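Report on one structure; see the data block that follows.
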Amino acid sequence: MKLTKDDALELASCFREVAIQLGNYLEDNWSNLGPSQRQELQNEEFTLLNASSQMRTKAVGILLDEEEVSFAKLQGAARKAKTAMKKIKKVAQVLELAGGVVGLAAAILSRDLGAIVTNAKAVYDAASTLSA
Amino acid sequence: MTVDVLTGMARAIRGTLGLVVVVVMTGCTSDLRAIREFATVSAESARYEELVDDYVGFPQRKKLYQGPTLHPQLEDEHKAREFQRNLLLLRLGIIREYMDALGALAADDLVVFDQQVEGLTQNISAMPGVSKEEVETYSGLGKALSKAATNHWRQKELRDLIENSHGAFDSAINMLKKFVQVGPVADADDERIVANRYYKDAIRSSNDSGAKIALEEWRRYHLAEIKGRAISATDYVAVLEEIKGGHQRLYDQRNQLDSKALAVEIREIAKQVKNLYMNVK
């Protein structure tokens, strides 16, 4: 049977709970226990805590596998955005080549409000067409 | 037509042009700087690689408190965590890469129109009868219109990026949050138990009063260190939560990314992320 993330976390929690109980027992009965018994109980407490932590490590491993798709999608989106940023340079070039700004300047200089609006729209459309 | 009428017309045209400039400038003042700030601090927060180091180093730290018979168990765990190191760093790196892309798309200086505007300014300056003020006004108009065109494009790209990535971003942040809780936060809890047990038992077993005092000092020192790590890890969960909330707001308002209300809200979230992350470090 394959271990799930939740299984691993539940096992981690169980091991930890028992370790804590062992630790409490050791604490409460310190004076009644001999050195070897104390050492043995301490080792068992630590072994269980280590087992708990190993289960958490497994849960992290499962978590990493489960979320691989989300991260791959996010990375793909980030890279697509970078490509888009290169495209915006193209928008700037087209603006320049189309002479949108220069056409606008001519319209402004001729004091032709209609031409200003037309040229402004042309600049806007040039960018919008490229972004479509 | 009399000179007065011509002068009046000229004034009217200039007034209208001034109005056009104001309208265009207002229309293109899309404040995406807040989004950029948010993306920058979020990308910076995803540089918290010490968290991964702490996680990977936990089994080795426990060796200090546990006898050699338990070291093979700790070695196994360390190997498993060492294997996960690059996978975790890669995931933090992807969050950073995504936030960098988001921030770059929201950057005001993405396209600089200085060259085009310079040419425009020179052309206008060469015309007879055009005042210095008019040259400045017309140059401003050209720049403003160019920016308006690309701002429209930028917002569309930003909206698409946020819309298409929101689900994956949410899952990715949730994964990192879960990792911090299951890894570093829980590690600190366990390390506190192990260190406390080790020092308490050593103090009780010792017959040397000087050694007891020294051990107690070490106990306190190590517990304080562990507590610091626990607080940092818990605070980092709050950082991730804040980043997630910020992205959620961008997603909710993706069709109004240039709204002033959103800018205020996102700027506040960016500030919060920055403050929380300063606590972590």
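All figures in this text were calculated on a predicted structure; none of them were measured in a lab. A note on names: the letters A, B, ... follow the listed sequences, proteins ahead of strands, and every chain is numbered from 1.
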Practice problem: Work out which heavy atom in B:Leu240 is nearest to a heavy atom in B:Ile173; give both atom names and the distance. | Solution: O-CG2, 3.5 Å

Exercise. Can you see which heavy atom on A:Phe15 is nearest to which on A:Leu48, and at what distance?
Key: CB-O, 3.6 Å

Quiz prompt | Which atoms of B:Phe58 approach chain A - backbone, side chain, both or neither, heavy atom under 4.5 Å | solution = side chain

Quiz prompt | Donor-acceptor contact present, side-chain B:Arg81 to main-chain B:Tyr55, <3.5 Å | solution = yes

Exercise. Check the angle between the aromatic planes of B:Tyr199 and B:Tyr65 and answer parallel, tilted or perpendicular using the 30° and 60° thresholds.
Key: perpendicular

Quiz item: Given the options A:Glu45, A:Gln75, A:Glu66, A:Arg56, which has more heavy-atom pairs under 4.5 Å with chain B than any of the others?
Solution: A:Arg56

Quiz item: Between A:Glu27 and B:Arg204, is a salt bridge (Lys or Arg N to Asp or Glu O under 4.0 Å) present by the stated rule, with each step listed?
Solution: CA-CA 11 Å; A:Glu27 196 72 25; B:Arg204 277 187 294 214; 3.1 Å; yes

Quiz item: By a 4.5 Å heavy-atom criterion (distance strictly below it), what part of B:Asp100 contacts chain A: side chain, backbone, both, or neither?
Solution: neither

Quiz item: Out of B:Gln84, B:Gln73, B:Lys62, which one racks up the most heavy-atom pairs below 4.5 Å with chain A?
Solution: B:Gln73

Self-check item: Segment of A:Ala51 engaging chain B (4.5 angstrom heavy-atom cut-off)
Solution: both

Quiz prompt | Selection from A:Ala19, A:Ser53, A:Ser52, A:Ala77 maximising heavy-atom pairs under 4.5 Å formed with chain B | solution = A:Ser53

Practice problem: Just give me the residue among A:Lys58, A:Gln42, A:Glu68, A:Lys73 that pairs up with chain B most often, heavy atom to heavy atom, under 4.5 Å. | Solution: A:Gln42

Quiz prompt | Near-ring test B:His247/B:Tyr98, centroid separation under 6.0 angstrom | solution = yes

Quiz item: Which heavy-atom pair separates B:His71 from B:Gly67 by the least distance, and what is that distance?
Solution: CD2-O, 3.1 Å

Quiz prompt | Which of A:Lys80, A:Lys82, A:Arg16 touches chain B most, by non-hydrogen pairs under 4.5 Å | solution = A:Arg16

Practice problem: Flag the one option from B:Ala186, B:Ser165, B:Ala80 with the top tally of heavy-atom pairs under 4.5 Å to chain A. | Solution: B:Ala186

Quiz item: Under 3.5 Å, is there a donor-acceptor pair linking the side chains of B:Gln181 and B:Lys178?
Solution: no

Quiz item: What residue, out of B:Ser171, B:Pro59, B:Gly183, has the most heavy-atom pairs lying under 4.5 Å from chain A?
Solution: B:Ser171

Exercise. Report the option among A:Asn43, A:Thr47, A:Leu9, A:Leu26 that has the most heavy-atom pairs separated by less than 4.5 Å from atoms of chain B.
Key: A:Thr47

Quiz item: Using non-hydrogen atoms only, which part of B:Leu74 is less than 4.5 Å away from chain A: side chain, backbone, both, or neither?
Solution: side chain

Exercise. Pick whichever of B:Leu161, B:Leu87, B:Asp187, B:Leu102 has the most heavy-atom pairs under 4.5 Å with chain A.
Key: B:Asp187

Quiz prompt | Distance, nearest 0.5 Å, that separates CG of A:Leu74 from CZ of B:Phe169 | solution = 7.0 Å

Self-check item: Between B:Arg91, B:Glu97, B:Met175, the one whose heavy-atom pairs under 4.5 Å with chain A are most numerous
Solution: B:Arg91

